[in-house]
Chemist: 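Quick one: structure below, then a few questions.
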Amino acid sequence: MSELKITGKQLRALGYPQGLVVRAAIDVVTQHYADATAEEVEMILTKVLADPAAYTADAVWVAVATALLPEEGPEKIALRDTPVDYAVFGAGFIEEGAIKQLNNAVRLPVAVAGALMPDAHQGYGLPIGGVLAAENAVIPYGVGVDIGCRMCLSILDLPVDTLVTKDAQYQKALKYQTKFGAGAEWKRNDTDAVLERDEFKEIQILRNLQQKAAGQLGTSGSGNHFVEWGIVSITDINNEWNLVPGDYVALLSHSGSRGLGAQVAGHYTRLAKELCVLPKEAQHLAYLDLSTEAGQEYWLAMNLAGDYASACHHLIHKRLIAEMGATLLARVENHHNFAWKEVHHGKELIVHRKGATPAGKGVLGIIPGSMTAPGFIVRGKGESTSLHSASHGAGRQMSRTKAIASITNDEMRKMLQDNGVTLIGGGLDEAPGAYKDIHTVMAAQSDLVEVVGQFQPKMVRMADGGPAED
DNA sequence: ATGTAC
């Protein structure tokens, strides 16, 4: 990307106040003044600051001008006194903070319905494990930072005993056909139709991101993302693929839209906060009206990031499956950080699932456990009180910092050994003990999903917490 | 979650 034309310090030297306007101005300059000289940039910034009212109808400068005119800017939007009632699954073990966050969310004027999943924990804006249906509005932080973060499972024709007899080959595939770490990019030239999409040309924020997206195609990132080999046990004789119930080698991946989605999320969250001023306790739930240009843009960019996340998984699976010389028997895939247009209560609504698995009737999904606990292939029951949703995993019971402070390396090693799991990379913050018991979580959502099969991890690859690996 | 952009 082009170098930064303007810094916060320079903006303050020009007389810009502190706050959201600084970031908005940096965004505009980066996106629209890439070829301008420093003098030209300084001149336009000075003009906008001197007379922001003259720029509130300017497509490029509207966010900056609006932020400079607090009195003329959008009025503070009040939360409703009467919240929408919502269902909580697993109420006995969900932390207070998550419930408080959803209590705020269902008081938004655009809120129509909500639900809290049994893996819920406190997040930013909407809790992780939170579901919120809104009318004609989308909340960038209701989707989350990692837009389109998803699970993808491939069931293969390889004999299960090869996980032992060809252990080295499986491990080698994980090491050389995946790429982990913040900012990690491949030096190879894989491509995908998603990189040719018109949105990369038509939406300003995306223009500078196409190249980054191309480099990061087929990478996994960091945090709780993983790629793992394991054994799928199909238990449902009426499974969708006519697979004989029993054990199969399978590949499971968890990752999202990388830098592309992160930049989109950051940009539209800032824009939403400027256009939709809410009381402090709900400020991160700022929403974009889907009838506006900003709302439409976010919707398109979010969908592009979702398709990109899917393409990343497909490339990872294609490479690993080819390396093992396997044939694909079945695949399950689902987003769990996203917003969908769905009809509930006879009305088209925007359903935000931030760490929640779509579970409409007959809809398949994957709910992972931990690196040692099983994950589940599930089929939605279409329960209306959960807004056709289920948990997206076991959910954390310890923050990253708490896990690092209270779990020892020896404990984690023993846990992996006892469960016959090989870990490549990874850290204490992702230790199995940092997560809730998946069986408790599954029991709390038996009305939401039925189990088609389960997945037991055997070889797990994660980021090791350090810089990007080669 | 993200190459950490005041």
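It should be emphasised that the depicted structure is a prediction, and the values quoted were computed from it without experimental measurement. Chain letters run A, B, ... following the sequence lines, proteins first, then strands; residues in each count from 1.
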Chemist: Under 4.0 Å between any heavy atoms, over every strand shown, what does A/Gly221 touch: base, sugar-phosphate, or nothing? Just pick one.
Modeler: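 Answer is sugar-phosphate: A/Gly221 comes under 4.0 Å of backbone atoms only.
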
Chemist: Taking atom types as modelled, is there a side-chain donor on A/Glu323 or A/Gln177 under 3.5 Å from an acceptor on the other?
Modeler: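 A/Gln177 and A/Glu323 do have a side-chain donor-acceptor pair below 3.5 Å.
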
Chemist: Can you tell me if A/Gln216 touches the phosphate of B/dG3, counting only side-chain N or O atoms and a distance under 4.0 Å to OP1 or OP2?
Modeler: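 It does, given that an N or O in the side chain of A/Gln216 lies less than 4.0 Å from OP1 or OP2 of B/dG3.
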
Chemist: Tell me: CZ of A/Arg400 to C1' of B/dT2, nearest whole Å?
Modeler: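 Those two atoms, CZ and C1', are 12 Å apart.
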
Chemist: May I have the distance from A/Lys212 (atom NZ) to B/dT2 (atom C1'), rounded to whole angstrom?
Modeler: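 Rounded to the whole Å, the gap is 8 Å.
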
Chemist: To the nearest Å, give me how far apart OH (A/Tyr268) and C1' (B/dT2) are.
Modeler: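 Distance check: A/Tyr268 OH to B/dT2 C1' gives 18 Å.
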
Chemist: If I take atom CD1 in residue A/Ile26 and atom C1' in nucleotide B/dC6, what distance separates them, rounded to the nearest angstrom?
Modeler: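 Roughly 6 Å, once rounded to whole Å.
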
Chemist: Just the rounded figure in Å: distance from C1' of B/dA5 to CG of A/Asn208.
Modeler: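 My rounded result for the distance is 13 Å.
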
Chemist: Is there a donor in the side chain of A/Ser253 and an acceptor in the side chain of A/His313, or the other way round, less than 3.5 Å apart?
Modeler: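 A donor-acceptor contact under 3.5 Å links the two side chains.
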
Chemist: Rounded to whole Å, how long is the line connecting atom CD of A/Gln263 with atom C1' of B/dT4?
Modeler: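 It works out to 11 Å between those atoms.
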
Chemist: What nucleotide among B/dA5, B/dG3, B/dT2 has an atom nearest to a side-chain atom of A/Arg23?
Modeler: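 Nearest to the side chain of A/Arg23 among the choices is B/dA5.
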
Chemist: Taking OP1 and OP2 of B/dA5, is either one under 4.0 Å from a side-chain nitrogen or oxygen of A/Lys9?
Modeler: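 It does not, given that no N or O in the side chain of A/Lys9 lies less than 4.0 Å from OP1 or OP2 of B/dA5.
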
Chemist: Let me know the distance between NE2 of A/His267 and P of B/dT2, rounded to the nearest Å.
Modeler: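 For the pair A/His267 NE2 and B/dT2 P, the rounded distance is 20 Å.
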
Chemist: Could you walk me through whether A/His392 and A/His254 pass ring-ring contact (aromatic ring centres under 6.0 Å, His included), step by step?
Modeler: CA-CA 11 Å; A/His392 83 310; A/His254 174 218; 7.2 Å; no

Chemist: Does OP1 or OP2 of B/dC6 have a side-chain N or O of A/Arg12 closer than 4.0 Å?
Modeler: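 For B/dC6, neither OP1 nor OP2 has a side-chain N or O of A/Arg12 closer than 4.0 Å.
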
Chemist: Are A/Arg258 and A/Asp146 within salt-bridge range, i.e. N to O under 4.0 Å?
Modeler: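 A salt bridge is absent here (no side-chain N lies under 4.0 Å from a carboxylate O).
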
Chemist: Tell me whether the side-chain N/O atoms of A/Ser222 come closer than 4.0 Å to OP1 or OP2 in B/dT2.
Modeler: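 Result: yes.
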
Chemist: Any side-chain to backbone donor/acceptor pair from A/Asp307 onto A/Val194? Under 3.5 Å, distance only.
Modeler: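 Checked: no pair found.
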
Chemist: Given atom CD of A/Gln10 and atom C1' of B/dA5, what is their separation to the nearest angstrom?
Modeler: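 After rounding, the gap between these two atoms is 12 Å.
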
